[in-house]
Amino acid sequence: MRNIWIIAKREYNHYFISPIAYVVAVALLLLTGGYFSLMLFAANQSGSFGGFVPEISEVNNLFGFLLLLSIPALTMRVIADETRSGAIELLLTAPIRDFELIAGKWLGSFLFVLTLISVTLLYLIILSPQVTPHPDWKLAASSYIGLILLAGALIALGVGISAIFSNQVTAFIATFGLFIFLWWLIGAPASLFPVGGDFFTYMTINAHFGDTLSQGNFYLTDLTYFLSLIAIGLFTGTLAIEIRRWK
Amino acid sequence: MIQVSGLIKDYGARRALNSISFNANQGEIVGFLGPNGAGKTTTMRILTGYMPPTDGTIIVAGHNVVEESLEVRKRVGYLPETVPLYNEMTAFEYLKFMGQLRRLPNVEERALETLDTVNLDARAHSYIGTFSKGMRQRIGLAQALLHRPEVLILDEPTIGLDPNQVAEIREVIREIGKDRTVLFSTHILSEAQQICDRVLIINKGKIVAEDTPENLQSKLVGAQQVILRVRGDSDDLAEKIKKIKGVKRVEKKEDNSIEFEFSVGQDARPLVAKTAVQGGYDLLEMRTASMSLEEIFLELTRESASSVKKSS
Ligand SMILES: Nc1ncnc2c1ncn2[C@@H]1O[C@H](COP(=O)(O)OP(=O)(O)O)[C@@H](O)[C@H]1O
Ligand SMILES: [Mg+2]
């Protein structure tokens, strides 16, 4: 566990000197911030009609959607950088397990994205006095849980893929492709099967984030789904490192 | 400390290491000498647990590299051929990170001590990205020394350095080698001869010779070759030299110089010189013709090929 933490700490610090990480952070915060401002503006306009109530879950929804493009940009270099600098030889001959290396890389990236997510708590603080009687706390909590689980799962898959490809561009495309596939495409066959089609729907990220967690519904299956993705991503990464050694 | 027997490594269909066996004991500096592509890096990567062997038994610091990889890695310091550094870290931060991964007590203190060992203490808080090639090599070496490993494996530690830096690194290696096992690779014969207690010569994935530098020299060369030059015609002198005791081969060269060989331990040079002078020749030059590394490899590979034939 301590090894994971040491790797994670370096990875986390590394993001603060990485240009791509800055671009991603600025883009994420600008877009969600802009969206939030628009939402407040619209609410104030429609306030007199007593209609639209802004919710933080809307912002988190957008955040989650933007992660589809942001995470591949963040994780594509996780292993590729080490390979290019030759430091991979150091890490693979240090007394740490391959799993610890991958899990540390995952944790460091996850903590960085959590840092970005935590900025949106500011929106919630701005929002809460404006909503009467108060924001839907249950909805807010569940949408944050959803966003965090989503980020954890996408990062795990991204790190796993980055361990397979030592070329960053390839890693980016493969990761982004996988996310698109999991978000929508895998659910496409659902309508083709009158019986058992639910399985395909269950496999989509959207079924667990967009349709439930970010709507204020928390089911155990959602938790299981995201934790499984994390496990698959970390396992794939570890396996890829092991295969790399044999080549 | 290092026991390798029957080590084989295949990259796909290509055999990079073909049944390598050798030992290295505590307090011994072993030089791994061979041309590019011989298999030095591959061997070292297997010894350090970076990649598994295709076949063979390898024990390093008392543990099997395949079955107890982590135990081996704890006890080995490794400087890879491409020095693995993080440019965005300071020398101190980098060593601290490595020390934490190795779970050292008093990491910070140890990092500073080690920087001192490699003469980088003044640059402890400079970014590695600003370091010169020699400094990068030294911080790489510091990383390998940090945990005071029982076994030190250095892959071409002096490559690309200027003579002063080479001398410094050699000094550090010799110092460490006093009580630990050091295996270091090089493709420079004289370097291996200067530092090592024992030299392993590797070529095309096979160990073709193994001995102390001195024995190797005499075994390899078998005889020492000397080139002699006198003023004027030297035909008669060549005939006279042939009769001198210990002289094995005399050859008259086109440029009128004479090349002769004598067995090691039977230095014929004083007698040859006397003969020349007494014969009234003006002695212009007498020098030993040393074999180049290429010639030595040619020699060795020829020898091993013929010894294979003999034994079959
Ligand atoms: N990762 C690899 N994949 C395929 N072949 C390799 C790989 N690494 C080394 N080789 C080959 O194995 C042989 C030995 O290489 P190496 O161990 O690097 O030699 P040295 O370090 O003595 O120069 C070379 O012919 C090289 O081309
Ligand atoms: Mg090499």
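Protein chains get the first letters and strands the later ones, always in sequence-line order, with residue 1 at the start of each. All figures in this text were calculated on a predicted structure; none of them were measured in a lab.
When heavy atoms are compared at a cutoff of 4.5 Å, B:P53 approaches chain A solely by way of its backbone atoms N, CA, C and O. In this structure, chain A has no heavy atom under 4.5 Å from any part of B:E71. In this structure, chain A has a heavy atom under 4.5 Å from the side chain of B:R45, while its backbone stays farther away. Only the backbone of B:V83 comes within contact range of chain A, with heavy atoms under 4.5 Å apart. Both the backbone and the side chain of B:Y50 come within contact range of chain A, each with at least one heavy atom under 4.5 Å from a heavy atom of that chain. Of the two parts of A:E82, only the side chain, counted from C-beta on, holds a non-hydrogen atom closer than 4.5 Å to a non-hydrogen atom of chain B. Only the side chain of A:I17 comes within contact range of chain B, with at least one heavy atom under 4.5 Å from a heavy atom of that chain. Interface residue B:L85: only backbone heavy atoms are found under 4.5 Å from chain A. Neither the backbone nor the side chain of A:R244 comes within contact range of chain B; no heavy atom of the residue lies under 4.5 Å from a heavy atom of that chain.
Under 4.0 Å is where a charged nitrogen must lie from a carboxylate oxygen, and between B:K40 and B:E156 at least one such pair does.
Atoms CD1 and CD1, from A:I155 and A:I230 in turn, are 9.0 Å apart once rounded to the nearest 0.5 Å.
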*After noting the C-alpha distance and the side-chain angles of B:N23 and B:R198, does the key distance pass the side-chain hydrogen bond (donor to acceptor under 3.5 Å, both in side chains) rule?*
CA-CA 10 Å; B:N23 291 327; B:R198 204 146 51 85; over 6 Å; no

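A:R245 CZ: more than 12 foreign heavy atoms inside a 6.0 Å radius.
Relative ring orientation between A:Y12 and A:F16 is described as perpendicular, the plane-to-plane angle rising above 60° on a 0-90° scale split at 30° and 60°.
Comparing B:E88, B:M98, B:K74, B:H147 by heavy-atom pairs within less than 4.5 Å of chain A, the highest count is held by B:E88. Here B:P52 is the residue among B:P52, B:S69, B:G49 with the most heavy-atom pairs under 4.5 Å with chain A. For the options A:K9, A:R10, A:E242, heavy-atom pairs under 4.5 Å to chain B are most numerous at A:R10. Each of A:T93, A:L92, A:D81, A:I96 has some count of heavy-atom pairs under 4.5 Å with chain B, and the biggest count is that of A:T93. Heavy-atom pairs under 4.5 Å with chain A peak, among B:Q143, B:R103, B:M51, at B:R103.
Ring centroids of A:F110 and A:W106 are separated by less than 6.0 Å, placing the two rings close together. Note: A:F165 and A:F172 fail the aromatic proximity criterion, with ring centroids not under 6.0 Å apart.
For B:S21 (side chain) and B:G6 (main-chain N/O), a donor-acceptor pair under 3.5 Å exists by modelled atom type.
Cation-pi geometry between A:R84 and B:Y86 is not met at under 6.0 angstrom from the ring centre and within 45 degrees of the axis.
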